Amino acid sequence: MADEKGLTSRAADFSAWYNEVVQRAELADYSPVRGSMIIRPYGYGIWELMQRVLDDMFKATGHQNAYFPLFIPLSFIAREAEHVEGFAKEMALVTHTRLIHGPDGALIPDPDSKLEEPLIVRPTSETIIYDAFAKWVQSYRDLPLLINQWANVVRWEMRTRLFLRTAEFLWQEGHTAHASESDAEQEATRILGIYRQFQDEWLALGVITGVKSPAEKFPGADRTYALEALMQDNRALQCGTSHMLGQNFARQFELKFQAESGQEEYAWNTSWGVSTRMIGGLVMGHGDDTGLVLPPRVAPTQVVVVPIYRNDAEQGLVLEKAAAVAAALRQQGVRVHVDARDTLKPGPKYYEWERKGVPLRIEIGPRDVAAGKLMLVLRLELPGLARKEALPEAEAIDGLPGRLEQYQRALLAAAVRRREANSYRGVRSYQDARAIIEGTGGFVYAGWCGSGDCEAKVKEETKATIRVLPGEEFRTPDAPTNCMVCGAPAQSEAVWARAY
RNA sequence: CGGGGCGUGGCGCAGUCCGGUAGCGCGCCUGCUUUGGGAGCAGGAGGUCCUCGGUUCAAAUCCGAGCGCCCCGACCA
């Protein structure tokens, strides 16, 4: 366990480190309900930044936001066989609508208020949304229908972890209907591209993308595209999914339209989502033994200004300068905070903001004011970047957005470097794969025959699953041509890893 | 649901074996001195010791039952 100052190190106990970072950076807290979490203002600030960027991306590609109900009739979820099978074990139900005092005075559900048909709390909204779509769509002229919603969903998980797996979480779920299979397919991959751009360029995660195996795909989908990031403990984190749903839901919910030809046809659907889980990805992807490390683009505070002074006169002087610097930075669109608290010395402030992952700190003391300089300190030492640098004030301010962008890019480069350093390509034997998975961990690229039996065997024996069948960009040039498990001709390359 | 751990001021813990005035560090409040990497002194506030029951003159401590949370595993974003 860590003392009040230090943190458990990643090497000593990765999951303890994770929990401590999340709580000490004030991202989240436990709630009285098992498996439910409180997202604190600092964590929610990150989520708001994520939302803003993604929302703009969705809007720019023609999507509109809407809101569908939290409660879904139980019968809806039951309509798509594979879908209900996938979620049946983790459903929260509303069965009563009233409380009364029982014999011993305690509040109990009023038996008379029992609902004829229980409601489920949405684990995802395909069913209720496609039911609505069916009412809205008549003609091919109504398509494509491109809808997104920002919502909470509930999945009653057996085992939970802050951000990574909680009973309730926040996400966006896009739902679209198209006139043709190829339109829907295009939509699913276009969204995958948007997610990819967001997770690399904003979150700096260095994700790989690809298709899920049939065993790992979304229940009810024909095909699931996914993004996977490699965490610092060399376990994979699924950071988002985009599903080609085919006509599975359209058939169940009578989502039909009249085609140009006059023929009545079922629409083609896609659904796609990313969640607050990405915040967990940021923590495990970038954090270090000091605490959180945030990419500037999603940092609620990008720059913290820490004034240094010894007496009232210096305090006035330095705070005035700090305010001016902050104002100049805000002019440039930088999110800056001046830590003017008089109760802490500079040192403790440094530690606090480092723990919270703020990308850049500006120290301003009397000596700097006199010299017309600012001390800039990055949260991390990264290749090609000076961690600490004293620059003339004007130069420092003008160059600051660029400096943040450099840092942003360096974080992504470091993530990709780490991912590739822990990716094992061209693995030919199951024995080798197993040694990697049970040893250091990481992404194992190997041939796969496509058989669910081979996949299940590996999962059973090593706990590793196929994360994705990698997209073209991520494939190994001379990938093995045989399945690493059974030796039969490989149908595709697969990336194996233990996952969250 | 199985295995492990833990419930004592806001946080981290000691005290439990062997019953006898509830403590320590950090944090918090007030004042003064401080401030370029976790400051000092002085004063102060803050606790149904998880809950219920039992034993006892006396329970944080012993006995019984229950509850909760965290971690590991099986299920999953």
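Proteins come first, then strands; the chains are lettered A, B, ... in the order of their sequence lines, and each starts at number 1. Model, not experiment: these values are computed from the prediction.
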_Watson-Crick or G-U wobble mate for B:G31, both contacts under 3.5 Å_ = B:C41
*asked:* I'd like the P distance from B:C62 over to B:C49, given in whole Å.
replied: 15 Å
_When the P atoms of B:U8 and B:U48 are compared, how many Å lie between them, rounded to an integer?_
12 Å
*Expressed as a whole number of Å, how far does the P atom of B:G4 sit from that of B:A59?*
32 Å
*Which value, in whole Å, describes the distance between the C1' atoms of nucleotides B:C71 and B:C57?*
43 Å
*List in chain and number order the residues that pass salt bridge (charged side-chain N to carboxylate O under 4.0 Å, His left out) with A:Lys457, two or more places apart in sequence or in another chain; answer none if no residue qualifies.*
A:Glu461
*Using a heavy-atom cut-off of under 4.0 Å over every strand shown, decide if A:Arg34 touches base, sugar-phosphate, or nothing.*
sugar-phosphate
*Looking at residues at least two apart in the chain, or sitting in another chain, which of them share a side chain to side chain donor-acceptor pair (under 3.5 Å) with A:Lys212?*
A:Glu228, A:Gln238
*asked:* Test: side-chain hydrogen bond (donor to acceptor under 3.5 Å, both in side chains). Region: residues 272-284 of chain A. Which pairs qualify, not counting sequence neighbours?
replied: A:Thr270-A:Trp272
_Residue mapping more 5' on RNA chain B - nearest nucleotide basis, A:Glu352 or A:Thr276_ = A:Glu352
*On a whole-Å scale, what distance lies between the P atoms belonging to B:G15 and B:U61?*
15 Å
Which pairs, protein N/O on one side and nucleotides 32-37 of chain B N/O on the other, fall under 3.5 Å?
unit_1	atom_1	unit_2	atom_2	d
B:U35	O2'	A:Tyr309	O	2.7
B:U35	N1	A:Tyr309	O	3.2
B:G36	OP1	A:Lys345	NZ	3.4
B:G36	N7	A:Arg367	NH1	3.3
B:G36	O6	A:Pro366	N	3.3
B:G36	O6	A:Arg367	N	2.7
B:G36	O6	A:Asp368	N	3.4
B:G36	N1	A:Asp368	OD2	2.4
B:G36	N2	A:Asp368	OD2	2.9
B:G37	O6	A:Glu354	OE2	3.4
B:G37	O6	A:Arg361	NH2	2.5
B:G37	O6	A:Arg387	NH2	3.3
B:G37	N1	A:Glu354	OE2	2.9
B:G37	N2	A:Glu354	OE1	3.1
B:G37	N3	A:Tyr351	OH	3.4

*May I ask you to verify if any side-chain N or O of A:Asn19 is less than 4.0 angstrom from the OP1 or OP2 atom of B:C71?*
yes
*Which residue, A:Leu162 or A:Lys463, contacts RNA chain B at a nucleotide closer to its 5' end, judged by nearest heavy atom?*
A:Leu162
_Can you check the distance between B:G7 and B:G12, where both ends of the measurement are the P atom (answer in whole Å)?_
11 Å
*Using the P atom on both, measure B:G46 against B:C24 and round to a whole Å.*
15 Å
*Side chains of A:Tyr309 and A:Asp342: do they bring a donor and an acceptor to under 3.5 Å?*
yes
*Using the side-chain hydrogen bond (donor to acceptor under 3.5 Å, both in side chains) rule, collect all pairs that involve residues 26-39 of chain A, keeping only residues at least two apart or in two chains.*
A:Glu26-A:Lys356
*Where along residues 205-243 of chain A does a heavy atom come under 4.0 Å from RNA chain B, residue by residue in number order?*
A:Gln238
*Listed by chain and number, what are the ring pair (Phe, Tyr, Trp, His ring centres under 6.0 Å) partners of A:His175, not counting sequence neighbours?*
A:Tyr130
*If you look at every strand shown and take non-hydrogen atoms under 4.0 Å, does A:Phe87 touch a base, only sugar-phosphate, or nothing?*
nothing
*Between B:U16 and B:A22, how far apart are the C1' atoms? Round to whole Å, please.*
13 Å
Would you list the atom pairs, donor with acceptor, under 3.5 Å between side chains in residues 282-289 of chain A and any protein atom, with sequence neighbours excluded?
unit_1	atom_1	unit_2	atom_2	d
A:His286	NE2	A:Leu203	O	2.8
A:His286	NE2	A:Ala204	O	3.1
A:Asp288	OD1	A:Thr290	N	2.8
A:Asp288	OD1	A:Gly291	N	3.1
A:Asp288	OD1	A:Arg379	NH2	2.7
A:Asp288	OD2	A:Arg379	NH1	3.0
A:Asp289	OD1	A:Arg10	N	3.0
A:Asp289	OD1	A:Arg10	NE	2.8

Check: residues 292-305 of chain A side-chain donor-acceptor pairs under 3.5 Å, at least two apart:
unit_1	atom_1	unit_2	atom_2	d
A:Arg297	NE	A:Glu405	OE2	3.2
A:Arg297	NH1	A:Glu201	O	3.4
A:Arg297	NH2	A:Glu405	OE1	3.0
A:Gln302	OE1	A:Arg335	N	2.7
A:Gln302	NE2	A:Pro296	O	3.0

*asked:* At 4.0 Å (heavy atoms only), tell me whether A:Thr166 reaches a base, stays on the sugar-phosphate, or touches nothing.
replied: base
